[in-house]
Amino acid sequence: MKILVPVKRVIDYNVKPRVKSDGSGVDLANVKMSINPFDEIAVEEAIRIKEAGKATEIVVVSIGPAKAQDVLRSALAMGADRAILVETDADLEPLAVAKILKAIALEVAPDLVILGKQAIDDDSNQTGQMLAALLARPQGTFASKVDIDGGHVVVTREVDGGLETIRLTLPAIVTTDLRLNEPRYASLPNIMKAKKKPLEVRALADCGVDATPRLKVLRVTEPPVRAGGVKVADVDALVAILKEVGVA
Amino acid sequence: MPSIIDRDEMVYDVVIVGGGPAGLAASIRLKQLDPDISVCLLEKGSEIGAHILSGAVIDPRALDELLPDWRESDCPLIAVPVAENLHWYLTAKASYTLPHALMPPLMSNDGNFTCSLGSLCRWLAEKAEALGVEIFAGFPAAEVLYDAAGAVIGVQTGDMGVDHNGLPKADFQPGMNLKADYTLFCEGARGHLTKRVKARFDLEAECQPQVYGLGIKELWDIDPARHMKGRVIHTQGWPLNESGTWGGGFLYHQANNQVALGLVTALDYANPYVYPFEEFQRWKQHPAIRAVLEGGRRVAYGARVINEGGWQSVPQLSFPGGVLAGCSAGFVNVPRIKGTHTAMKSGMLAAEAVLRAIRSGRKQDRLVEYDRSVRSSWISLELQLVQNAQPLVTKWNDKLGTCLAGADMWLRTLFGFGLSRPMQHRSDASRLERGKKHRPIAYPRPDGAISFDRLTSVSYSFTNHEEDQPVHLRLRDCKVPIDLNLAVYAGPEERYCPAGVYEFVGQGEGAVGLQINAQNCLHCKTCDIKDPSQNIEWVCPEGGGGPNYPNM
């Protein structure tokens with residue numbers, strides 16, 4: 001069984017994002033970039049499935065600038081077998097990403113595609129679902145538990161009311177939630193070995209996909225700064241203020 | 001923790017500890033001289049540059065020697081040549097420009113560049129990797145490895161996945177033994193392994209103790225109308241002179257409408273109520289500094305100590321199996337506030353000595369020739385010229401000391417001798433005086449626009465440490481913070497730490513305890529230096545922890 005794991009290079013979760021002064025987007029100059037944490041969980045899950053003897057090959061794929069090779073190398077160091085980078089400097093929307101992943105999936109022919117439920121930069125939460133639709137395959141989103149069972153995958157989903165367990169026929173698409181696993185540390189020898197694992201770089205144009213944006217970003221703004229609180233002397237003062245702001 | 005861990009081992013020709021300018025220059029020089037030599041470089045930060053914090057105005061002299069075509073490349077240093085060099089003496093309300101004609105020529109910044117040292121290191125790391133250097137970021141060197149005869153044979157990387165009690169977690173990953181013919185310690189100021197090898201081999205037997213300053217820095221996006229690309233300003237005087245402390249501020253107009261600014265507080269201060277973080281906030285509120293920042297916004301915050309001992313504090317540089325380079329040794333030119341060029345040069349000289357030794361079949365012995373080559377290089381000439389500047393200012397204070405330091409540098413420049421022989425230092429820890437001798441200092445509250453509180457500031461260093469791990473700030477005696485530091489020295493750790501790691505908290509019934517918020521640690525090393533009884537030992541936390549500085 002083959003597993004395909006798409007990974008995205010995003011702004012590191014420790015970094016406080018800053019909006020560009022012209023409001024056109026987030027300033028990424030000199031900012032630390034890392035693998036999307038949900039995708040890292042997907043890589044870890046794929047490795048665990050392989051370690052359990054239920055998969056034979058893990059292919060990681062990223063779509064992004066040349067620097068995205070770094071996140072692919074991280075995934076290879078964790079234990080993925082080979083990597084593909086679809087190189088582009090364009091900022092792609094989920095639909096374009098899903099179409100490119102479809103092209104890759106048709107070529108790699110994985111039994112399971114496992115990816116993060118969302119990327120922490122744009123928080124779209126669309127790619128996995130769109131990919132499932134484009135490939136006409138079953139999907140198990142927000143997975144907190146994944147079990148391969150013969151020709152099926154049993155996915156425990158984190159839903160509003162609690163947990164929902166579903167059984168999908170392979171090949172299928174699974175998107176990961178935070179509690180699925182805790183990704184491992186890559187060891188130093190594995191980082192070295194990862195440098196020698198195959199990493200194929202191809203141009204976006206060679207995928208034969210129309211990646212033209214369908215959306216137009218009007219502006220990006222930072223959340224409003226929270227005003228400081230005030231101390232009130234007694235309950236009457238509190239009620240007066242609540243009335244003043246119209247909540248009582 | 002299992003007492004015997006089966007550790008993997010890898011063998012290299014050279015292991016370099018630390019991915020700053022010294023270590024990276026050494027790695028590049030080694031590969032330039034011999035592409036077949038195997039070089040491994042360890043960096044504790046999550047990536048190269050993550051723990052680098054400097055001004056910086058950089059003298060390109062060493063880079064010219066290392067990569068002569070850097071000016072024609074995409075090197076970030078080229079972007080902003082120093083266009084205007086100002087030296088201000090500050091009083092509480094005014095600033096006076098000191099004419100540069102009075103200063104010795106070595107103080108000129110002509111031909112220098114202002115740039116983020118973190119960005120320069122990231123660029124150097126790309127060059128090093130292209131040459132085949134194996135760079136491992138997120139892997140600290142945690143222990144020094146010795147052979148039976150006591151020679152350094154390499155280092156052990158830190159264990160990952162250890163819980164707060166020191167027990168292995170599910171994701172435990174033991175550190176590896178990396179062995180080498182020679183190990184280069186390029187850890188920066190007050191490196192934790194450097195400290196150990198200095199003690200073990202008594203490398204400071206014949207030099208003065210190293211002394212330090214604490215640099216607290218911010219990076220701001222400012223109003224383009226107020227930005228004057230290439231203008232660099234240094235200040236002395238207010239506010240530190242009010243507490244009899246010395247040090248100075250810097251404000252550099254760098255690329256992309258950003259300014260890098262900071263205040264260095266010499267850690268030899270006597271008054272335990274001195275609060276370097278608040279001194280920096282006060283300094284930013286000076287009308288001349290505030291005028292630059294108004295309408296701008298802060299991008300990043302950080303802190304790091306800088307060596308201020310100068311030439312007389314340079315220890316013996318070689319010992320069996322290893323050498324010290326860069327700020328591990330301490331090659332900062334204090335009045336010029338520059339150490340990048342000397343750090344790089346020392347790394348290059350170390351590389352050359354190591355390579356010659358390996359070629360002649362030697363290993364794990366003492367590279368006396370590296371000591372000699374540093375002492376006959378331009379590093380030595382440059383540092384000897386300024387070696388009394390810092391001690392004169394320390395001894396005679398701000399105004400007179402500065403004049404004497406200038407006179408000493410002029411004499412050395414023109415006639416080859418100074419006002420006195422190389423002057424002595426006392427350790428920073430020993431300078432601290434009892435709380436009773438001083439009065440608490442009242443610092444103004446932050447305004448939230450120019451000045452900020454400490455914890456909000458720490459969030460701009462993007463610091464993160466794995467939560468469940470042993471505290472990496474170790475107390476030799478856990479009674480000392482209360483019985484000595486709080487009782488006698490007014491609890492200085494609560495103020496000198498730029499990250500608020502140390503906090504005296506009530507524990508009920510009048511009892512007080514020291515709480516160590518190790519997760520906030522910026523790896524600046526101030527506590528390891530300034531604790532009056534040297535009771536705090538900084539050890540390396542789990543790899544990848546600490547600040548994630550952008551272009552600092």
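Only a predicted model underlies this, so the values are computations on that prediction, with no experimental measurement involved.
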Inset, instruction - May I ask you to establish whether A:Lys32 and B:Phe462 are in a cation-pi arrangement, using a distance under 6.0 Å from NZ or CZ to the six-membered ring centre and at most 45° from the ring axis? - result: no
Inset, instruction - Answer yes or no: is there an ion pair linking A:Asp147 with A:Lys145, defined by an N-O contact shorter than 4.0 Å? - result: yes
Would you confirm whether [X], through its side chain, and [Y], through its main-chain N or O, come within 3.5 Å as a donor-acceptor pair?
{"X": "B:Thr456", "Y": "B:Phe452", "value": "no"}
{"X": "B:Gln156", "Y": "B:Met176", "value": "no"}
{"X": "B:Thr114", "Y": "B:Ala56", "value": "yes"}

Legend entry - Interface residue of largest heavy-atom contact number with chain B, from A:Val15, A:Leu188, A:Asp12, A:Ile191, under 4.5 Å: A:Leu188
What part of [X] gets within 4.5 angstrom of chain A, counting heavy atoms only: side chain, backbone, both, or neither?
{"X": "B:Met160", "value": "both"}
{"X": "B:Asp8", "value": "side chain"}
{"X": "B:Leu219", "value": "neither"}
{"X": "B:Glu542", "value": "side chain"}
{"X": "B:Asp221", "value": "side chain"}
{"X": "B:Ser461", "value": "neither"}
{"X": "B:Glu134", "value": "both"}

Inset, instruction - Check the surroundings of atom CD in B:Glu9: do more than 12 heavy atoms from other residues, nucleotides or ligands lie under 6.0 Å from it? - result: yes
Legend entry - Residue A:Lys195 excluded, over 12 heavy atoms near NZ under 6.0 Å: yes
Legend entry - Part of A:Ala29 lying under 4.5 Å from any heavy atom of chain B: neither
